Amino acid sequence: MHNIKEIRTNIEGFKKSLQKRYLDLNVDVILELDEKNRKFIHDKENLEKEKKEISKSKDKTLFEKSKVISIEIDKISKLQSDIKNKLDNILSSIPNIPLDDVPLGKDESSNKEILQSGEIPKFSFKPKSHYELGEKLNMLDFDLATKTTGSRFVFVKDKLALLERALSNFMLDMHTMKNDYKEISPPLIATDNTMFGTGQLPKFENDQFEIKLDDSTDRKFLIPTAEVILTNIVKNKIIEKKDLPMRMVASTPCFRKEAGSYGKDTKGMIRQHQFYKVEMVSIVENDNCISELERMTNCATKILDLLKLPYRKIMLCTGDMGFSAEMTYDIEVWLPSENKYREISSCSSCGSFQARRMKARYKNENNETVFVGTLNGSGLAVGRTLVAILENYQQEDGSIIVPKILRPYMNNMEKIDKI
RNA sequence: GGAGAGAUGGCUGAGCGGUUGAAAGCACCGGUCUUGAAAACCGGCAUGGGGGCAACUCCAUCCUGGGUUCGAAUCCCAGUCUCUCCGCCA
């Protein structure tokens, strides 16, 4: 959420920033609404002052006049709040502004590769896709999910279910024991206001699963990522400086409609309506966002290092970043069947963008109340990690070697085999 | 599901129709004292918005939304949330 005051005082700068996002937005409309809004506020306040003085004077002869003023105030208030709503609607749909170091570009072709790591496996046979492997093992069942639920769902069974659970546990252990994150098991449902805080609403409502829970006035949604519910822990709070940074991690199912991705990744479990993800969230002092982003990204890549999966780290360009981000690293894991890297984690700094929407603040060293910085990153997407293990660790006979680091989490199983 | 109680500043907590934006305490910041710290004492300390270069000033806000009144933190209605008791239940 952008500060209208800042926009007003730096129109050209704001326009330029939006151009980085390749956004076609009429800034003049914003300024016009802002001006109208302020005029109404001004008029309204003058009347309110007059009314206040009458009531203070307790002069009965003026009471009738006060009534007339009240009616006038109501009229102006209505006009003012309509304008303000329009303005807020526009402002809350404008994405965060990229940091200067973010490469300029419209789409993923302008993303910048930072590094590659790990050895891409060589196969003496044609590597199969994860869904072929999983179906042959009788441990991934897409048809069954279609029958019970619909497309873009899957039944994970038997040893792969264990592998999935092992991955969650392994990742959580790393982040809690080595990386200083506090484990949270949060609600999987969030209110509309919570969804607004992290930026899923109002613009991306079509991607969300709304559910009917009760007749309360707020709306409820299944979380598309634990980022939503973890970040909003600090909503409407003023945090003590000594309590920062706050680092939290959760393993949760995530629910996404994936509207607009028809025909994309329709096979397999790359793109599902429901998937597990281990999510890291950091709440930091605003100046520490960049260093925390580096730290968080390292926490994510460390998991891939330990699993011995080849990956690369890229910085997303201005046009490819998510709505709330000011800088994003994507981590992409190597998938032999596709012969390319696929996203397995995305770590973003949101600066104070989400904090402003959530009204999440802290007292800085000058005792001023200022907005916190928020960051989120997958550490990692569990479903896609499962995919990566199946494909990278596959054997010619269709069995899967269990990565060494996971074996303690899987009753020391060394291989996933049919039977 | 039934019956009650409550929601006030960063926190705790008074106030229950008219200088109350709000007592008091804690926390925090500045000062005196101290070799330094602690204690004690003095002072400061809510948020959002409008106007002004600024000192400053105006408006709103005591859970949310309506209503009564010249005037509402205080009265009325609706909603949300929290707590206690009873019932049901993983």
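As a basis for the values below, the full set of heavy atoms in this structure was taken, side chains included, without hydrogen atoms, waters or symmetry mates. We name chains A, B, ... by the order of the sequence lines, and we start the count at 1 in each one. Just so we're clear, the structure is a prediction, and the values are computed from it rather than from any experiment.
Across A:Leu386, A:Val382, A:Thr252, a single residue satisfies side-chain contact (heavy atoms from CB on, under 4.5 Å) together with A:Tyr276, and that is A:Val382. Of the residues A:Ile400, A:Ile270, A:Leu335, the one that meets the side-chain contact (heavy atoms from CB on, under 4.5 Å) test with A:His130 is A:Ile270.
Residue A:Arg38 has a polar side-chain atom (N or O) positioned under 4.0 Å from OP1 or OP2 of B:rG51.
Residue A:Ser66 is classed as a sugar-phosphate contact, given heavy-atom separations below 4.0 Å to backbone atoms only. Contact annotation for A:Lys242: no contact, since no heavy-atom pair falls under 4.0 Å across all strands. Across all strands shown, A:Lys51 has heavy atoms under 4.0 Å from sugar-phosphate atoms exclusively, and none from any base. Using a 4.0 Å heavy-atom criterion, one finds that A:Arg8 contacts the sugar-phosphate atoms exclusively.
Per the geometry, CG belonging to A:Leu47 stands 15 Å off C1' belonging to B:rC70, to the nearest Å. Going from atom CD1 of A:Ile73 over to atom P of B:rG50 covers 19 Å, rounded to whole Å. Between the C1' atom of B:rG71 and the NZ atom of A:Lys56 lies a distance of 11 Å, rounded to the nearest Å. If you take OH of A:Tyr362 and C1' of B:rA27, they are 18 Å apart, rounded to a whole angstrom. Separating the NZ atom of A:Lys60 from the C1' atom of B:rU69 is a distance of 13 Å, rounded to the nearest angstrom. The CD-P distance, from A:Glu64 to B:rG71, rounds to 11 Å in whole Å. Protein atom NZ of A:Lys235 is 21 Å distant from nucleotide atom P of B:rU47, rounded to whole Å. Rounded to a whole Å, the CD atom of A:Gln80 is 18 Å from the P atom of B:rG48.
Under the ring-ring contact (aromatic ring centres under 6.0 Å, His included) criterion, the residue pairs touching residues 341-370 of chain A are A:His2-A:Phe353, A:Phe323-A:Phe353, A:Trp334-A:Tyr341, with sequence neighbours excluded. A ring-ring contact (aromatic ring centres under 6.0 Å, His included) check over residues 39-89 of chain A, counting only residues at least two apart or in different chains, returns nothing.
Considering only the side chain of A:Lys67, B:rC70 comes nearest among B:rC70, B:rG18, B:rG50. Side-chain proximity of A:Thr369 to the nucleotides B:rG49, B:rG18, B:rU47 is greatest for B:rU47.
Using atom C1' as the reference point in both B:rC29 and B:rG10, the two lie 13 Å apart (nearest Å). Comparing B:rA72 with B:rG21, their C1' atoms are spaced 14 Å from each other, to the whole Å. Distance noted for atom P between B:rC81 and B:rC41: 45 Å (whole Å). When the P atom is compared between B:rC76 and B:rG87, the two are found 32 Å apart, to the nearest whole Å. When the C1' atom is compared between B:rU19 and B:rG71, the two are found 13 Å apart, to the nearest whole Å. With C1' as the reference atom, B:rG66 and B:rG44 are 39 Å apart, rounded to whole Å. Going from the P atom of B:rA22 to that of B:rA73 covers 12 Å, rounded to whole Å. Comparing B:rC11 with B:rA27, their P atoms are spaced 16 Å from each other, to the whole Å.
Salt-bridge formation is detected for the pair A:Glu285/A:Lys241: a Lys NZ or Arg NE/NH1/NH2 atom is positioned less than 4.0 Å from an Asp or Glu carboxylate oxygen. With respect to the salt-bridge test (charged N to carboxylate O, under 4.0 angstrom), the residues A:Lys136 and A:Asp397 do not qualify.
Side-chain contact of A:Thr176 with A:Glu183: a donor-acceptor pair under 3.5 Å is absent, judged by distance alone. Judged by distance alone, the side chains of A:Gln80 and A:Asn37 do bring a donor and an acceptor atom under 3.5 Å apart. If you check the side chains of A:Ser337 and A:Ser129, you find no donor sitting under 3.5 Å from an acceptor.
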Contact letters for nucleotides 53-63 of chain B, in which S counts primed atoms plus P, OP1 and OP2 and B counts the base, heavy atoms under 4.0 Å | -----BBS---
Anything under 3.5 Å between a protein N or O and an N or O of nucleotides 8-10 of chain B, put it in a table, one pair a line.
none

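Judged by a 6.0 Å distance limit and a 45° cone about the ring axis, A:Arg165 is not positioned over the six-membered ring of A:Tyr409.
Between A:His273 and A:Phe153, the ring planes lie tilted relative to each other; the angle falls in the 30° to 60° range.
With rounding to the nearest 0.5 Å, the separation of CG in A:Leu307 from CD1 in A:Ile344 is 8.0 Å. The OH atom of A:Tyr329 sits 10.5 Å away from the OG atom of A:Ser349 when rounded to the nearest 0.5 Å.
Residues passing the side chain to side chain contact (heavy atoms under 4.5 Å, CB included) test with A:Leu62 are A:Ile54, A:Ser57, A:Asp59, sequence neighbours excluded.
Residue-to-nucleotide proximity on RNA chain B shows that, of A:Asp74 and A:Leu62, the 5′-proximal contact is made by A:Asp74. Comparing A:Asp34 and A:Lys58 by the nucleotide of RNA chain B whose heavy atom lies nearest to each, the residue mapping closer to the 5' end is A:Lys58.
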Treat a base pair as Watson-Crick or G-U wobble with both distances under 3.5 Å, then lay out RNA chain B in dot-bracket form, 5' to 3', with | for cross-strand pairs.
-> ((((((((.[[[..)..(.....]]].(((((.......))))).((((((....)))))).[[[[[..)....]]]]])))))))....
